[in-house]
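Here the structure comes first, spelled out in structure tokens, and everything after it is commentary.
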Amino acid sequence: MPKDECIVIIPCSGIGKSLGTIGRKATYEIVDRLCPKNTRTTCLALVTMGDQETLKMIKENPCITIDGCPSKCAQKNVEASNGRLIRSFLVTDTLRNHRNLKPDGIIELNAEGLKLANALAEEVAKTVDEISGGKS
Amino acid sequence: MTLAKWKVGIVSCSGEEIPEGTISRIATRLVLEKLRPEETVTICLPLFLAGGEGERTFAKLFPTITVDGCEKGCAKIGTEKYSGKPFATVVVSDVLKKCPTLTLKSRDKLSAEEYEFAEKVAEEIAEKVDEALRRQNEQLRSEKH
């Protein structure tokens, strides 16, 4: 990945479900703690509204979307805006691999929701490392 | 009492990038879960903007209140574009001006001060919900006479 590029992690807004909160929580875990040097996030609503600065950013940088539910708003919006989508994640897929976890809460996730968010963040961080050659 | 028959849609910006966006979402959830749970529903903004027919129809038939984190106003602009003028708008960065000593730092886990501010924003939204329902009732009454 070129030095001046930054991977853009775009979660769905998912305000109605715990799964949306998990996607956002995972995003902050990646951009603030796991891979702060080569990732950033942006507002999905800005992508959808066609904000020029945001559209330029998602076209010029690799993007990873994280969706809470199968409506896949983040993935579909980035695709529709011709963003450089390199990988998309779905919280429900991670949940399938951690069936013992029962996430709950939207304003505040329960402990199992936090565990799931961390597991998802680790998964995404691996992809970030693959793309950036382990320079996160 | 006809109040409960009407619902008010709260459309919050997604605002993942900035702390004000997190305040928008949490304030919206506080209204939905604690302050006015019987009178409100929320609409997922990107789904709404990306063509969610159910969401758009709801916002055409029922009053909406948009909650934006910043002056870009994605929730307000989107609602106006696809469903009509919102009944009221709340902009977190404007409410923040009333609290000059507060600086928002977190977009993930809110501090006690930030959470208190989210509660303040939620109260402003709830006041607008009451006003929207009052207007609906007045309108219904005048249509009956």
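Chain identifiers are assigned alphabetically (A, B, ...) following the order of the sequence lines, protein sequences preceding nucleic acid strands; residue numbering begins at 1 within each chain.
- Under a 4.0 Å N-O distance rule, the pair B:Arg135/B:Glu131 qualifies as a salt bridge.
- For A:Cys73, the part lying under 4.5 angstrom from a heavy atom of chain B is the side chain only.
- Scanning both residues, B:Phe117 and B:Val95, for their nearest heavy atoms gives CE1-CG1, 3.8 Å.
- The parts of B:Cys44 that come within reach of chain A are both its backbone and its side chain, each placing non-hydrogen atoms under 4.5 angstrom from that chain.
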I'd like a table of all donor-acceptor pairs linking chain B to chain A (distance under 3.5 Å, no angle check), giving the atom names and the distance to one decimal.
| from | atom 1 | to | atom 2 | distance (Å) |
| --- | --- | --- | --- | --- |
| B:Ser14 | OG | A:Ala45 | N | 3.2 |
| B:Glu16 | O | A:Tyr28 | OH | 2.7 |
| B:Glu16 | OE1 | A:Leu44 | N | 3.0 |
| B:Glu17 | OE1 | A:Thr42 | OG1 | 3.1 |
| B:Glu17 | OE2 | A:Arg40 | NH2 | 2.5 |
| B:Arg29 | NH1 | A:Ile15 | O | 2.8 |
| B:Lys72 | NZ | A:Asp51 | OD1 | 3.3 |
| B:Arg107 | O | A:Tyr28 | OH | 3.4 |
| B:Arg107 | NH2 | A:Asp32 | OD1 | 3.0 |
| B:Asp108 | OD1 | A:Lys25 | NZ | 2.7 |
| B:Asp108 | OD2 | A:Arg33 | NH2 | 2.7 |
| B:Lys109 | NZ | A:Glu108 | OE2 | 2.7 |

Item checked: side-chain contact (heavy atoms from CB on, under 4.5 Å) between B:Leu96 and B:Thr103, worked out -> CA-CA 8 Å; B:Leu96 189 61; B:Thr103 308; over 6 Å; no
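- Going from atom CD1 of A:Ile9 over to atom SG of A:Cys63 covers 9.0 Å, rounded to the nearest 0.5 Å.
- Heavy atoms closer than 4.5 Å to chain A are found in both the backbone and the side chain of B:Leu30.
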Next item on the list: Go through the steps to decide whether B:Phe87 and B:Val129 satisfy the test side-chain contact (heavy atoms from CB on, under 4.5 Å), and finish with yes or no.
Entry: CA-CA 9 Å; B:Phe87 173 80; B:Val129 169; over 6 Å; no
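- Among A:Ile10, A:Leu44, A:Val31, the residue with the largest count of heavy-atom pairs under 4.5 Å with chain B is A:Leu44.
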Margin query: side-chain contact (heavy atoms from CB on, under 4.5 Å), that's the test. Do A:Leu90 and A:Ile66 meet it? Break it down for me.
Written below: CA-CA 6 Å; A:Leu90 197 53; A:Ile66 301 179; over 6 Å; no
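- Residue A:Ile30 holds its CD1 atom at 7.5 Å from CD1 of A:Ile64, rounded to the nearest 0.5 Å.
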Next item on the list: Decide side-chain contact (heavy atoms from CB on, under 4.5 Å) for B:Ile65 and B:Val11; before the verdict, give the C-alpha distance in whole Å, the side-chain angles of both, and the deciding distance to 0.1 Å.
Entry: CA-CA 6 Å; B:Ile65 295 169; B:Val11 191; over 6 Å; no
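- For the options A:Pro11, A:Cys12, A:Cys43, heavy-atom pairs under 4.5 Å to chain B are most numerous at A:Cys43.
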